[in-house]
Trainee: 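Here it is, the structure, as structure tokens.
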Amino acid sequence: LAIDNLTVDSGMTLKVTSTVSPVVAFQIGGIGTGTLTIQNGGVVESYHGIIGAFSSSDGTVNVTGNTSRWTLNEDLQVGSFQNGVGRLNITDGQVFANSILLGRANVADGTITVDNGTLASTAVLAVGGFIGDDGVTGAAAGGTGRLTVQNGGIVDVASTLIVSGGGTVAVLGSQGR
């Protein structure tokens with residue numbers, strides 16, 4: 001499922017039930033430009049998710065409002081493959097995934113901003129690096145990954161945080177964690 005422009009608003013739930021490989025899974029900006037907005041208590045549930053998947057793609061997901069939520073059973077990739085650009089903006093909302101990968105592959109560019117919201121990983125959060133199928137850093141060079149936490153935002157990583165050569169993490173203000 002590829003998204004060009006979609007808003008999930010109050011009282012709405014979008015369930016993407018495909019469990020196939022992430023390459024053909026739920027994509028925002030899969031091969032072009034795409035935007036997904038989850039707001040005012042909207043809920044998205046998916047198995048995999050890719051924001052800015054392939055070469056020259058550009059994807060943005062905005063999760064706004066304290067009851068807005070995106071829950072992924074497996075991995076979330078933000079800036080996945082070569083030249084893919086992805087942005088995830090969490091403002092008061094919540095995003096939960098197994099693994100979260102920013103700037104996964106060479107020349108990919110992924111940015112997550114958590115502004116008084118919550119980002120949670122039950123396994124790995126990799127910023128600016130490649131993660132192999134076994135869940136550990138792979139042999140390929142990673143892209144650029146940026147994670148910014150501000151205004152009381154929370155990032156919860158239950159297992160492993162990896163910040164590779166192309167990755168940066170910034171916690172701004174006294175209340176981000």
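In what follows, every heavy atom counts, from backbone to side chain, and hydrogens, waters and symmetry copies are set aside.
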Trainee: Apply side chain to side chain donor-acceptor pair (under 3.5 Å) to the pair N116 and D92, showing each step before the final yes or no.
Mentor: CA-CA 5 Å; N116 196 37; D92 300 322; 2.7 Å; yes
Trainee: Are the side chains of I112 and L102 in contact, using a 4.5 Å heavy-atom criterion?
Mentor: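 They are in contact (side-chain heavy atoms under 4.5 Å apart), so the answer is yes.
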Trainee: Are L36 and V43 grouped together when hydrophobic residues (ILVMFWY) are joined by side-chain heavy atoms under 4.5 angstrom apart?
Mentor: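 No; V43 is not reachable from L36 via cluster members.
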Trainee: How far does OG1 of T111 sit from CD1 of I51, to the nearest 0.5 angstrom?
Mentor: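 Interatomic distance, T111 OG1 to I51 CD1, rounded to 0.5 Å: 10.5 Å.
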Trainee: Relative to each other, are the rings of F26 and W70 parallel, tilted or perpendicular (30° and 60° limits)?
Mentor: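 The rings of F26 and W70 stand perpendicular, inter-plane angle above 60°.
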Trainee: Quick check on the hydrophobic clustering: are F54 and V85 connected, directly or via other members, by side-chain heavy-atom contacts under 4.5 Å?
Mentor: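 Hydrophobic grouping puts F54 apart from V85.
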Trainee: How close do T67 and G41 get, counting heavy atoms only, and between which atoms?
Mentor: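 That would be OG1-CA, 3.2 Å.
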Trainee: Flag the pair N89 / T60 as yes when at least one side-chain heavy-atom distance between them is below 4.5 Å, and no otherwise.
Mentor: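 Heavy-atom side-chain distance check passes, below 4.5 Å.
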Trainee: Less than 4.5 Å apart, any side-chain heavy atom of S68 and any of V63?
Mentor: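 Sidechains of V63 and S68: in contact.
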Trainee: So how far is it from Q94 CD to I154 CD1, rounded to the nearest 0.5 Å?
Mentor: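 So the CD of Q94 and the CD1 of I154 are separated by 9.5 Å.
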Trainee: Give the minimum heavy-atom separation between T7 and Q39, together with the two atoms involved.
Mentor: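 Answer, listing the atom of T7 first, then Q39: CG2-NE2, 3.6 Å.
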Trainee: Work out which heavy atom in S99 is nearest to a heavy atom in S121; give both atom names and the distance.
Mentor: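 That would be CA-OG, 4.1 Å.
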Trainee: So, taking the atom named CD1 in I28 and the one named OG in S46, what distance separates them when rounded to the nearest 0.5 Å?
Mentor: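 These two atoms lie 7.5 Å from each other.
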Trainee: Going by heavy atoms in the side chains, are S164 and I162 under 4.5 Å from each other?
Mentor: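 Of all side-chain heavy-atom pairs linking I162 with S164, at least one is under 4.5 Å.
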Trainee: Can you confirm whether D75 sits close enough to N98 that some side-chain heavy atom of one is under 4.5 Å from a side-chain heavy atom of the other?
Mentor: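 Of all side-chain heavy-atom pairs linking N98 with D75, none is under 4.5 Å.
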Trainee: If we only count heavy atoms from C-beta on, is the E45 to L72 side-chain gap below 4.5 Å?
Mentor: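 They are not in side-chain contact.
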Trainee: Taking L88 as the starting point, is it possible to reach L14 by hopping between hydrophobic residues whose side chains are less than 4.5 Å apart?
Mentor: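 Cluster IDs for L14 and L88 match.
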Trainee: With side chain to side chain contact (heavy atoms under 4.5 Å, CB included) as the criterion, how do I90 and D115 come out once you've worked through the C-alpha distance, each side chain's angles and the decisive distance to 0.1 Å?
Mentor: CA-CA 6 Å; I90 306 169; D115 188 345; over 6 Å; no
Trainee: Distance from D9 atom CG to N40 atom CG, nearest 0.5 Å?
Mentor: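 It is 4.5 Å, given to the nearest 0.5 Å.
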Trainee: Identify whether V114 and F96 are in the same connected component of the hydrophobic contact network (ILVMFWY, side-chain heavy atoms under 4.5 Å).
Mentor: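 They do not share one cluster, since no chain of ILVMFWY contacts under 4.5 Å joins V114 to F96.
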Trainee: List the steps and the verdict of side chain to side chain contact (heavy atoms under 4.5 Å, CB included) for T113 and L147.
Mentor: CA-CA 6 Å; T113 303; L147 173 62; over 6 Å; no
Trainee: Evaluate the criterion side chain to side chain donor-acceptor pair (under 3.5 Å) for residue pair N83 and S56; output intermediate values, then yes/no.
Mentor: CA-CA 5 Å; N83 295 316; S56 302; 5.4 Å; no
Trainee: Please lay out, stage by stage, how N62 and T35 fare under the test side chain to side chain contact (heavy atoms under 4.5 Å, CB included).
Mentor: CA-CA 8 Å; N62 300 303; T35 302; 4.3 Å; yes
Trainee: Please tell me if the side chains of L76 and V95 come closer than 4.5 Å, counting only heavy atoms from C-beta onward.
Mentor: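 Yes, side chains in contact.
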Trainee: Work out which heavy atom in G52 is nearest to a heavy atom in S57; give both atom names and the distance.
Mentor: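 The pair with the smallest heavy-atom distance is C-OG, 3.3 Å.
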Trainee: Check the pair T13 / K15 against side chain to side chain contact (heavy atoms under 4.5 Å, CB included), numbers first and verdict last.
Mentor: CA-CA 6 Å; T13 299; K15 291 186 180 187; 3.9 Å; yes
Trainee: For the CD1 atom of I50 and the OG atom of S80, what is their distance to the nearest 0.5 Å?
Mentor: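 Going from CD1 on I50 over to OG on S80, the span is 4.5 Å.
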Trainee: Grab the two heavy atoms, one from V8 and one from M12, that are nearest each other, plus how far apart they are.
Mentor: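 Heavy-atom minimum between the residues: CG1-O, 3.6 Å.
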Trainee: Any side-chain heavy-atom pair from R146 and V127 closer than 4.5 angstrom?
Mentor: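 No - every pair of side-chain heavy atoms lies 4.5 Å or more apart.
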Trainee: How many angstroms lie between CD1 in I100 and CD in Q77, if you round to the nearest 0.5 Å?
Mentor: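 Going from CD1 on I100 over to CD on Q77, the span is 11.5 Å.
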